[in-house]
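Everything below concerns the one structure shown next.
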Amino acid sequence: KGSKKLPSWPVGRALCNTVAFHLGTVAFGSLVIAIIRFVRLMLEYVEKKSKKFNNEIGKCILCCCKSCLWCLEKFMRFINRNAFIMCAVNSSNFCKSAKDAFNLLMRNLLRVVVLNSVCDFLLLIGKVVIVVACGSVSYLAFGGYIPHVREEIPVLNYFFIPIIFIIIGSYLIASAFFSVYSMAVDTLFLCFLEDLERNDGSEAKPYFMSKRLRKVLGKMEKRVKARNRT
């Protein structure tokens, strides 16, 4: 806190701090999700067993319970993600971190909507570009359109099957890598909001964020406000 210099080996230090001080926080957050998932599985089991009774009221109640638990799980995943970030920033426990993160996001709801919509769109574009590139290269390679690798690839009767597997694998790998970028974006965003609330840009309390980051987020907010007016 209060230093603009990044320490050496930040990833290694963060991993050591997590193992030494925050394993309980990680376990507790995972336990909450596991309990909700277990209750959902129990409801699915009850629903499967109650199909032979043809009780429409019971089916309606089970459907409502499953919908509520699905929404609760999505909400808790969102809370867990931001609670872990606040825990890493402030070294607080899980409950306090979840409360601070939720209050901070609710006080800046417009910025949250803008950032999530823009980031989701950009991450989707990135995944689509990677999948299309991998699919196109594999099609050219298996179709014999690349002379340098034509002799090394065996002749296949149905070369679309490996292309489909390559597309699926590339999508899964891209999703895994982009989830790391998404977590980094959320971390920077929470730090940005924390910086706005703690500092005012004066000489006594200068901002720690870069001017470029302030300009980018400011432009996003202006565009959303202009769209809402129109």
Side-chain angles (χ1 to χ4, degrees), residues 6 10-11 14-15 29-30 33 37 67 70-86 88-89 101-102 104-146 148-149 153 158-196 207-230:
L6 187 68
V11 178
L15 181 61
S30 302
I33 300 297
R37 292 296 299 272
S67 300
W70 182 84
C71 295
L72 179 61
E73 182 181 351
K74 292 294 182 182
F75 176 74
M76 288 307 303
R77 287 184 183 275
F78 173 76
I79 291 296
N80 273 6
R81 185 185 186 91
N82 294 283
F84 290 153
I85 295 172
M86 294 301 291
V89 172
F102 182 77
L104 183 62
L105 292 173
M106 289 300 103
R107 289 193 297 268
N108 299 272
L109 191 58
L110 178 62
R111 292 190 176 101
V112 174
V113 174
V114 173
L115 185 77
N116 286 338
S117 59
V118 173
C119 287
D120 290 342
F121 177 73
L122 292 177
L123 293 177
L124 178 63
I125 292 297
K127 292 177 185 179
V128 170
V129 169
I130 291 174
V131 170
V132 170
C134 292
S136 301
V137 172
S138 61
Y139 174 77
L140 294 176
F142 287 109
Y145 296 101
I146 303 178
H148 299 288
V149 297
I153 297 177
Y158 303 99
F159 63 89
F160 284 103
I161 295 178
I163 293 175
I164 293 173
F165 280 103
I166 289 173
I167 290 174
I168 295 173
S170 62
Y171 176 79
L172 294 176
I173 295 172
S175 298
F177 275 93
F178 277 112
S179 65
V180 178
Y181 283 101
S182 178
M183 190 70 178
V185 170
D186 290 341
T187 304
L188 289 174
F189 182 59
L190 280 179
C191 293
F192 166 79
L193 297 179
E194 194 76 16
D195 192 14
L196 284 179
Y207 289 128
F208 289 97
M209 73 186 82
S210 64
K211 294 181 179 179
R212 186 176 180 183
L213 178 62
R214 241 181 315 174
K215 290 180 180 179
V216 169
L217 291 175
K219 289 180 180 178
M220 289 182 184
E221 291 179 7
K222 290 179 180 178
R223 289 177 181 176
V224 171
K225 290 179 180 178
R227 289 177 183 176
N228 292 334
R229 290 174 182 175
T230 57

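Keep in mind that the numbers below use all heavy atoms, side chains included, and drop hydrogens, waters and symmetry copies.
Once rounded to the nearest 0.5 Å, the distance linking OG of Ser30 with CZ of Phe84 reads 5.5 Å. The distance from the CG atom of Leu172 to the NZ atom of Lys127 is 10.0 Å, given to the nearest 0.5 Å. We find the CZ-CG distance between Arg111 and Leu104 to be 10.0 Å, quoted to the nearest 0.5 Å. In this structure, the separation between CZ on Phe177 and CD1 on Ile130 is 9.5 Å, given to the nearest 0.5 Å. The structure places CG of Asn108 at 11.5 Å from CG of Leu115, a figure rounded to the nearest 0.5 Å.
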Just list the side-chain donor-acceptor pairs under 3.5 Å for residues 159-171, sequence neighbours left out, or say none.
{"unit_1": "Ser170", "atom_1": "OG", "unit_2": "Ile166", "atom_2": "O", "d": "3.1"}
{"unit_1": "Ser170", "atom_1": "OG", "unit_2": "Ile167", "atom_2": "O", "d": "2.7"}

Using a 3.5 Å cut-off and no angle test, enumerate the donor-acceptor pairs between side-chain atoms of residues 187-194 and protein atoms at least two apart in sequence or in another chain.
{"unit_1": "Thr187", "atom_1": "OG1", "unit_2": "Met183", "atom_2": "O", "d": "2.8"}
{"unit_1": "Glu194", "atom_1": "OE2", "unit_2": "Arg198", "atom_2": "NE", "d": "2.9"}
{"unit_1": "Glu194", "atom_1": "OE2", "unit_2": "Arg198", "atom_2": "NH2", "d": "3.1"}

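In terms of the salt bridge (Lys or Arg N to Asp or Glu O under 4.0 Å) criterion, Asp195 has no residue partners (sequence neighbours excluded). Taking Asn82 as the reference, nothing meets the side-chain hydrogen bond (donor to acceptor under 3.5 Å, both in side chains) condition, with sequence neighbours excluded. For Glu73, the salt bridge (Lys or Arg N to Asp or Glu O under 4.0 Å) partners two or more places apart in sequence, or in a different chain, are Arg37, Arg40, Arg77.
Contacts classified as salt bridge (Lys or Arg N to Asp or Glu O under 4.0 Å) and involving residues 161-190 (residues at least two apart or in different chains) are given here: Arg81-Asp186.
Looking at every heavy atom in both residues, Ser182 comes nearest to Leu123 through CB-CD1, 3.8 Å.
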